[in-house]
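Written below as structure tokens is the structure these notes are about.
Remember, it's a predicted structure, so these values are computed and weren't measured experimentally. So that the names make sense, note that chain A is the first sequence line, chain B the second, and so on, each numbered from 1.
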2 protein chains.
Amino acid sequence: MPADSAPRRHTRDGVALAALAILDEWGLADLTMRRLATSLDVQPSALYWHFPNKQSLLADLADLIVARVRPVAVTDAAWPEPVRAEAAALRDALLAYRDGAELVASTLALGLGGEASVTRLADAIAGGGFDAATSRRAAVALLHFVLGQVGYEQQRLQFDSLGVVPAGSALDDTPPHEAFAFGVDLFVTGLGAPHLGTHNARPAPTGRGTDAAGRRPRA
Amino acid sequence: MPADSAPRRHTRDGVALAALAILDEWGLADLTMRRLATSLDVQPSALYWHFPNKQSLLADLADLIVARVRPVAVTDAAWPEPVRAEAAALRDALLAYRDGAELVASTLALGLGGEASVTRLADAIAGGGFDAATSRRAAVALLHFVLGQVGYEQQRLQFDSLGVVPAGSALDDTPPHEAFAFGVDLFVTGLGAPHLGTHNARPAPTGRGTDAAGRRPRA
DNA sequence: ACCTGAACACCGTTCAAGT
DNA sequence: ACCTGAACACCGTTCAAGT
């Protein structure tokens with residue numbers, strides 16, 4: 001190995017990894033450019049050579065977190081099992097980093113990162129025979145629930161560890177993992193029901209490629 | 001009227017209202033204690049006589065916003081119509097103030113404000129014949145979706161108005177109001193379906209007060 | 001009861017300049 | 001290519017002191 005390699009100090013990826021470490025140890029509120037600079041033994045201004053601003057750094061972190069979603073085994077398990085599995089895998093990935101849900105939610109809204117999460121959910125949903133548009137719409141709705149639930153969960157975790165949660169202040173005493181499964185179930189059950197997308201049950205239109213739920217006939 | 005009333009300068013409520021005005025005009029990120037102080041012609045430190053910290057001020061704002069949820073007319077409309085109506089009323093109340101959803105979501109997690117929103121949803125759901133625990137669990141799940149969807153919607157609104165939304169960066173091109181209705185439908189349809197709360201459809205247990213969905217028999 | 005003045009310990013970002 | 005040094009325009013919060 002070359003003992004006198006180039007005096008290259010930091011890379012964009014290295015900075016992102018250091019940021020991820022701070023996120024996990026201190027949380028999003030304490031992930032500051034100045035603290036990150038200190039952890040890299042560098043002046044704050046140095047970071048702006050690697051990233052144009054803090055927001056784009058956070059977008060990279062969101063992508064990293066979502067990219068780590070565990071691959072869901074392709075089994076022959078009947079729909080909607082794969083949807084539940086994808087949702088659970090996404091939850092786990094968000095829980096793997098402190099404030100993961102809040103971070104992903106904020107960058108998703110800016111259209112900067114975390115996009116992969118929707119795609120995965122949509123693909124799993126499409127396995128139920130829904131058309132692309134319906135699958136995506138449902139995936140976005142499910143994603144909002146997932147981010148909301150896990151974000152709430154993570155906020156509570158942090159205040160718990162600070163010992164400052166007012167007693168009885170929880171929205172519900174159902175254990176987080178069960179509350180999550182319950183919500184996902186509501187979604188997939190709703191998707192599976194016949195008269196979706198209409199406010200009143202109506203017979204599905206005939207002679208078209210999809211019924212009122214955007215469901216394609218099984219091949 | 002007494003011309004020489006006491007030299008009382010500001011009240012807690014007055015400060016909260018001024019904060020609400022700043023929230024609406026500038027958004028949550030620009031609602032700073034210093035800016036609020038300036039708008040009241042007061043030093044920043046003066047605010048700390050009315051509120052122990054910024055967080056408790058924000059909690060008051062969340063309560064104000066949620067308290068303004070339009071009363072949903074008690075009609076004889078069949079369930080789940082009242083649930084849809086409550087969800088829509090909550091969305092409107094959140095949309096009435098810039099960043100309303102984000103504000104309510106953050107204070108809800110701390111157990112500091114916005115609690116009324118869950119109760120209203122739970123009551124509407126209970127109208128479908130579910131027991132209190134099930135109704136609340138479902139309300140919390142629905143609330144997470146509502147806050148997520150509206151929060152996303154409001155973030156997009158702001159970046160739109162700044163003209164800085166990357167083209168094609170939307171999660172979905174469904175109009176917000178329709179995406180919202182779609183998500184709520186998924187929920188209430190799921191709730192209405194028979195085999196809720198179990199991962200596999202099973203015959204409802206017999207001889208008990210509720211079925212597997214926590215549903216009580218109609219009186 | 002309500003506020004001022006001054007301070008403390010922070011932020012994100014820019015930009016000329018160095019190596 | 002990568003970073004320093006210095007500055008700009010901010011934050012939330014505390015606390016003694018004023019009226």
Side-chain angles (χ1 to χ4, degrees), chain A residues 2 4-20 22-23 25-62 99 102-103 106-107 110 112-113 158-159 162 164, chain B residues 2 4-20 22-23 25-62 99 102-103 106-107 110 112-113 158-159 162 164:
Chain A
D4 55 345
S5 54
R8 175 166 235 265
R9 308 254 228 127
H10 287 113
T11 62
R12 185 180 165 110
D13 285 357
V15 172
L17 288 181
L20 216 43
I22 292 181
L23 175 69
E25 189 169 7
W26 303 97
L28 193 53
D30 288 332
L31 172 50
T32 68
M33 298 299 268
R34 288 168 183 273
R35 188 184 282 249
L36 175 57
T38 301
S39 89
L40 290 167
D41 262 312
V42 123
Q43 295 296 314
S45 49
L47 301 176
Y48 290 85
W49 192 90
H50 299 282
F51 294 92
N53 49 50
K54 187 179 181 177
Q55 199 51 250
S56 61
L57 167 63
L58 295 182
D60 269 26
L61 301 192
D99 294 322
E102 192 186 341
L103 175 59
S106 73
T107 65
L110 312 224
L112 291 178
Q158 234 160 314
F159 297 121
L162 290 171
V164 291
Chain B
D4 53 345
S5 53
R8 172 166 238 266
R9 308 253 225 124
H10 286 113
T11 63
R12 185 181 165 107
D13 285 357
V15 172
L17 288 180
L20 216 43
I22 292 180
L23 175 69
E25 189 169 7
W26 302 97
L28 193 53
D30 288 332
L31 172 49
T32 68
M33 298 300 266
R34 287 166 184 272
R35 188 185 282 247
L36 175 56
T38 300
S39 89
L40 291 168
D41 262 311
V42 123
Q43 296 294 316
S45 50
L47 301 176
Y48 291 84
W49 193 89
H50 299 283
F51 294 90
N53 50 50
K54 186 180 181 179
Q55 199 51 251
S56 61
L57 167 63
L58 296 182
D60 269 26
L61 301 192
D99 293 323
E102 192 186 340
L103 175 58
S106 73
T107 65
L110 311 226
L112 290 179
Q158 235 162 311
F159 297 121
L162 291 171
V164 292

TODO: Using modelled atom types only, decide if a donor and an acceptor are shared between the side chain of B/R12 and the backbone of B/F51 within a distance under 3.5 Å.
DONE: no
Open item on the list: For the backbone of A/G27 and the side chain of A/D99, can you confirm whether one donor and one acceptor N or O come within less than 3.5 Å of each other?
Closed with: no
Task: Rounded interatomic separation in angstrom, taking NE2 from A/H10 and C1' from D/dC3 - done: 11 Å
Task: B/M33 CE - C/dC8 C1' separation (whole Å) - done: 17 Å
Task: Closest to the B/S45 side chain, choosing from C/dT14, D/dC3, D/dC15 - done: D/dC15
Open item on the list: By nearest atom, which of the nucleotides C/dT13, D/dC3, D/dT13 is closest to the B/N53 side chain?
Closed with: D/dT13
- [ ] Would you state whether a donor and an acceptor, one from the side chain of A/T32 and one from the base of C/dG12, lie under 3.5 Å apart?
- [x] no
- [ ] Mark yes or no for whether A/D13, through its side chain, and A/A16, through its backbone, hold a donor-acceptor pair below 3.5 Å.
- [x] no
Open item on the list: Between C/dC8 and D/dC11, how far apart are the two C1' atoms, rounded to whole Å?
Closed with: 12 Å
- [ ] Return the value, rounded to whole Å, for the distance between atom NE2 of A/H50 and atom C1' of C/dT13.
- [x] 16 Å
- [ ] Would you kindly give the CZ-to-P distance between A/R34 and D/dA7, to the nearest whole Å?
- [x] 14 Å
Task: Euclidean distance, atom CZ of residue A/R12 to atom C1' of D/dA1 [Å, nearest integer] - done: 15 Å
TODO: Can you figure out which of C/dT13, D/dT13, D/dG5 approaches the side chain of A/P44 most closely?
DONE: C/dT13
Open item on the list: Nearest whole Å is fine: how far is D/dC2 C1' from A/W49 CH2?
Closed with: 6 Å
Task: Integer angstrom distance from the P of D/dA9 to that of C/dA9 - done: 23 Å
Task: Atom pair distance, as rounded to whole Å: CG in A/D30 and P in C/dG12 - done: 10 Å
Open item on the list: How long is the straight-line distance from CG of B/L40 back to OG1 of B/T38, given to the nearest 0.5 Å?
Closed with: 9.0 Å
TODO: To the nearest 0.5 Å, tell me how far B/L110 CG sits from A/F159 CZ.
DONE: 4.0 Å
Task: Nucleotide paired to D/dA9 in any strand shown, Watson-Crick or G-U, under 3.5 Å - done: none
TODO: Could you give the distance separating C/dC2 and D/dA17 at their C1' atoms, to the nearest angstrom?
DONE: 13 Å
- [ ] State which of C/dC3, D/dT4, D/dT13 makes the closest approach to the side chain of B/R9.
- [x] C/dC3
Open item on the list: Side chain of A/A46 only, heavy atoms from C-beta on: which candidate in C/dT4, C/dG12, D/dT4 is closest?
Closed with: D/dT4
Task: Base partner of D/dA16, which must satisfy Watson-Crick or wobble distances under 3.5 Å - done: C/dT4
Task: B/Y48 OH to D/dA17 P, straight-line distance once rounded to whole Å - done: 22 Å
